[in-house]
K.L.:
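One structure coming up, written as structure tokens, with questions to follow.
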Amino acid sequence: MKYLITTTEIYRFSSEDEATNFIEAAKKESGYVLTKHTVEYKERKQKGEVIDFWWKVTLVKSFNNEKEPETDVDVEYKVGSAF
């Protein structure tokens with residue numbers, strides 16, 4: 001039998017409000033415990049000028065205790081177009 005213990009997910013957002021709202025929603029989700037989250041402001045520069053910026057959100061989700069797992073978890077990821 002296999003058990004999912006933790007996952008780390010990294011997201012990119014165009015605004016700080018979107019990033020913080022996403023974290024708050026993740027805290028309220030059932031099925032896992034949000035054990036860690038971070039928000040980082042990132043910039044891409046060219047010739048000293050900022051040409052792009054975003055917020056990077058990292059979530060660490062815990063599904064089971066490694067020593068005593070209780071649930072069988074199936075995770076599904078869907079990839080779609082950003083446009």
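Heads up: numbering here begins at 1 and tracks the sequence.
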K.L.:
For Y11 versus L59, what's the shortest heavy-atom pair and its separation?
P.N.:
CE1-CD1, 4.1 Å
K.L.:
Can you sort out the partners of E29 under salt bridge (Lys or Arg N to Asp or Glu O under 4.0 Å), two or more places apart, ordered by chain and number?
P.N.:
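Here no residue qualifies.
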K.L.:
List the steps and the verdict of side chain to side chain contact (heavy atoms under 4.5 Å, CB included) for V79 and Y77.
P.N.:
CA-CA 7 Å; V79 178; Y77 292 99; 5.7 Å; no
K.L.:
Sequence neighbours left out, what pairs pass salt bridge (Lys or Arg N to Asp or Glu O under 4.0 Å) with at least one residue falling in residues 64-77?
P.N.:
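For residues 64-77, and leaving out neighbouring residues, the salt bridge (Lys or Arg N to Asp or Glu O under 4.0 Å) pairs sorted by first residue read E76-K78.
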K.L.:
Hey, could you give me each pair passing side-chain hydrogen bond (donor to acceptor under 3.5 Å, both in side chains) that has a residue in residues 47-59? Not counting sequence neighbours.
P.N.:
R12-D52
K.L.:
Using the salt bridge (Lys or Arg N to Asp or Glu O under 4.0 Å) rule, collect all pairs that involve residues 16-28, keeping only residues at least two apart or in two chains.
P.N.:
E24-K27
K.L.:
Could you tell me the separation between the CD1 atom of I5 and the OH atom of Y3, rounded to the nearest 0.5 Å?
P.N.:
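So the gap between those two atoms works out to 9.5 Å.
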K.L.:
Please report, to 0.1 Å, the donor-acceptor pairs under 3.5 Å made by any side chain of residues 35-45, with sequence neighbours excluded.
P.N.:
residue	atom	partner	partner atom	Å
T35	OG1	V60	O	3.2
Y41	OH	E43	OE2	3.1

K.L.:
Minimum heavy-atom separation for V57 and A19, please, with both atom names.
P.N.:
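So the minimum-distance heavy-atom pair works out to CG2-CB, 3.5 Å.
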K.L.:
Could I get the full list of side chain to side chain contact (heavy atoms under 4.5 Å, CB included) partners for S30, not counting sequence neighbours?
P.N.:
none
K.L.:
Can you name the closest pair of heavy atoms from T71 and N64 and give their distance?
P.N.:
O-ND2, 2.8 Å
K.L.:
Identify whether F22 and F53 are in the same connected component of the hydrophobic contact network (ILVMFWY, side-chain heavy atoms under 4.5 Å).
P.N.:
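Yes: a chain of side-chain contacts under 4.5 Å links F22 to F53.
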